[in-house]
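I have placed the structure first, in the form of structure tokens, so that the comments after it can refer back to it.
In what follows, chains are A, B, ... by sequence order, proteins preceding strands, each numbered from 1.
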Amino acid sequence: MPDIKPSEISNVLKMQLDGFKQKLEFEEIGKVLQVSDGVARVFGLEKVQSNELVEFEGGTMGVVLNLEEDNVGVVLLGPTESVKEGFTVKRTKRIASIMAGEGMLGRVINVLGEPIDGKGPIGGETFEMPLERKAPGVIFRQPVNEPLQTGLKAIDAMIPIGRGQRELIIGDRQTGKTAIAIDTIINQKKAFQDGKPIYCIYVGIGQKGSTIANLVQTLEEHGAMDYTIVLSATASNPAAMQFYAPYAGVAIAEYFRDTGRHALIIYDDLSKQAVAYREVSLILRRPPGREAYPGDIFYLHSRLLERAAKIISNDRVARRMNDLPDSIKDKVKGGGSITALPIIETKAGDVSAYIPTNVISITDGQIFLESGLFNAGVRPAINVGISVSRVGGNAQIKSMKKVAGTLKLDQAQYRELEAFTKFGSEIDAATQSVLDKGARNVEILKQGQYAPLTAAQLVAIIYCGTNGLLNDVPVARVSEFERQFLDLMGVKHPDVLEQLGQGVYNDTLTDVLRKEAETLAATFKQ
Amino acid sequence: MNHGKISIRYARALYEYALEHQEDKAVYADMQMLARTAAEVKGMTVFLANPAAGRQDKLNLLQEASGGKKTCATTRHFLEFVLDKNRESSMQMIALMYAKLYREKNHIRLGQVTSAAELPARTLDKISAFIRDNYHVSVEMSTRIDPAIIGGFILDIDDNRFDASISGQLQKLNNYAGH
Ligand SMILES: Nc1ncnc2c1ncn2[C@@H]1O[C@H](COP(=O)(O)OP(=O)(O)OP(=O)(O)O)[C@@H](O)[C@H]1O
Ligand SMILES: [Mg+2]
């Protein structure tokens, strides 16, 4: 305690009292009535607004979530133990926000934007971005027209994702949902190196701390942290933090989007976030609805996912975008985007449960993962028959569109015939050919982790598959063929790959593919 | 049902009733006592919300919490009424809302001065006079000593706080420097 003499204290007091009238700086306060599980009920704070940041005695911050007539429900952004009954709470008159900036790249942060990787404070300039913000209106948007390559054959060929799109990854536990997201992040390395970065934000919700640590290590090993931010609210954080994590993540993504850059955000996963919200809502005594989730959970998720968008490239129009935060008003540029990959975990494949149906209906497509496929060794375990992307097709490069055009249909036909032949019926040559091709395509679409392909490689190998060029290659050796073929193309025909990668598609190019594939396939013939 | 409305409705009914029986002031004292006890006695609200706890036990607790034998007839009557309606879990809020309503109707403000050490009576008088002159209301003044504020004082009037404490200034400085 500093050494202050009592006489000084009363002097200070008197001076302040005299100057009292001039600067009447009253703060609005309330008293904590009750605290439990990360939520405080507060008496007072009558003029507080929804989503306003409040400060508790001791410095813990909170966000106002519930305005009732006799009390205010505040979600704590800190440990429950840090706030006690009887504590005073002050208004800040600021809407809950996060300070976002480039300095966050390569870092692991919490919902408050504080680093949790032990690498010191976040450097560089930061900008205040509100957690809750209205999505850009239609006039500030542009249709999806640029691809976001995942580097995964099955997705880029059949379920293509465009920048600004919302594509749901849905499946039971341990079906490779996170793996798809991580591979997609790793695949953005080339763009980063080429100076056209797609900044990635991975939002981990309700996961184990060790899982996040492993994930960060994987990203580091693949040089992907340079352009990635990992935001984590682990299972041991209060429910409120888990509930707010996606908003903090998207607020950071909006900083990139509205300054004309591209961002990719992954919510892993929204099922756990919904559970956290349910917990918070029950504590706040909000009336529960279906599956005990509060009635506004649909609205909550749709508002969140609406914030993924492709912004109009005209700077002048973009600068007039609705609800722009003051901090970036003079930095706004058009042409940016947020692509969202929300993840939902299903139980026993039940996509008709409340949260899955909701999120399916508010996304632009779904990637369905199945444990049956996963266990059968088909990985990524994507059920291509029911997976869709409603807008990404427009963003697909031409060469990809051409080679993959019939792939989905072919595979559907293959699966039907395959089921049929299980009854042991006679097979004619045409049917056999469909089966042969289908079985090889299934092999081609398998892909290990951390091995994303370039768009050109993808076009090349899928061309071989859809044109039946592998029919002489034994099914078990398809991946070997693929490796050799792509190596060969890379060494002998880098120019062809280059053009395919740029979307060029013509007979000259396909002739090269065909010739090389046929020659190589012959060496596999038994 | 919006829970926030429950306490307000009960508090209003209690106020009207108490007014008719000219016990509004006595009830005010009881309700303040009840609210204070509920805030201080851990587990009281939990106990009241527990459906397995007996009615008589809850009634005894509520009566004791609102002043024991000193509670007025209206309060005693009201506590039974609340129990009959199974709204005892809202009792803390009802008490708070009643006190607030009573103060509103009677133009009373709640004031509290927090200081690090005991304040001279002169200073307190000055603060009270200041409030009277500026708010034209009577203030129920209380004082609190909290060495943690280091020096200066904090004045609360209802939901408004004027923080002239040294710890408050330091906090502001820290917030300012922190950003
Ligand atoms: N394409 C793949 N090839 C081989 N193994 C894979 C592939 N994708 C995922 N796996 C492995 O499968 C396991 C589960 O993957 P992942 O953690 O991505 O699944 P998840 O659906 O996110 O699981 P959870 O429900 O626990 O979050 C991991 O051990 C991962 O390494
Ligand atoms: Mg996962």
For this session: Would you mind checking which part of A/E27 comes under 4.5 Å of any heavy atom in chain B, side chain (CB onward), backbone (N, CA, C, O), both or neither?
Result: both
For this session: Can you measure from NZ (A/K90) to CZ (B/R161) and round to the nearest 0.5 angstrom?
Result: 7.0 Å
Exercise. Looking at B/M97 and A/D70, what are the two nearest heavy atoms and their distance?
Worked result: SD-CB, 3.5 Å
Exercise. With only heavy atoms counted, which part of A/T88 is less than 4.5 Å from chain B, the side chain, the backbone, both or neither?
Worked result: side chain
Problem set entry | A/K329, NZ atom: more than 12 neighbouring heavy atoms under 6.0 Å | yes
Problem set entry | Pair A/E46 + B/K100: basic N to acidic O under 4.0 Å | yes
Problem set entry | Criterion side chain to side chain contact (heavy atoms under 4.5 Å, CB included) on A/I29 and B/D158, from CA distance to verdict | CA-CA 8 Å; A/I29 56 162; B/D158 289 344; over 6 Å; no
Exercise. About how many Å separate CG of B/L96 and NZ of A/K31, when rounded to the nearest 0.5 Å?
Worked result: 11.5 Å
Exercise. Are there more than 12 heavy atoms of other residues, nucleotides or ligands under 6.0 Å from atom CD of B/E140?
Worked result: yes
For this session: Look up atom OG in B/S7 and atom CD in A/E68, then write down how far apart they are to the nearest 0.5 Å.
Result: 8.5 Å
Exercise. Tell me, do A/F43 and B/Q92 make a side-chain contact under 4.5 Å, heavy atoms counted?
Worked result: no
Exercise. To the nearest 0.5 Å, how far apart are OG1 in B/T45 and CD in A/E85?
Worked result: 6.5 Å
Exercise. How close do A/F26 and B/N160 get, heavy atom to heavy atom, and via which atoms?
Worked result: CD2-CB, 3.7 Å
Exercise. Does a side-chain N-to-carboxylate-O contact under 4.0 Å join A/E69 and B/K5?
Worked result: yes
Exercise. With a 4.5 angstrom heavy-atom cut-off, which part of B/E40 approaches chain A: side chain, backbone, both or neither?
Worked result: neither
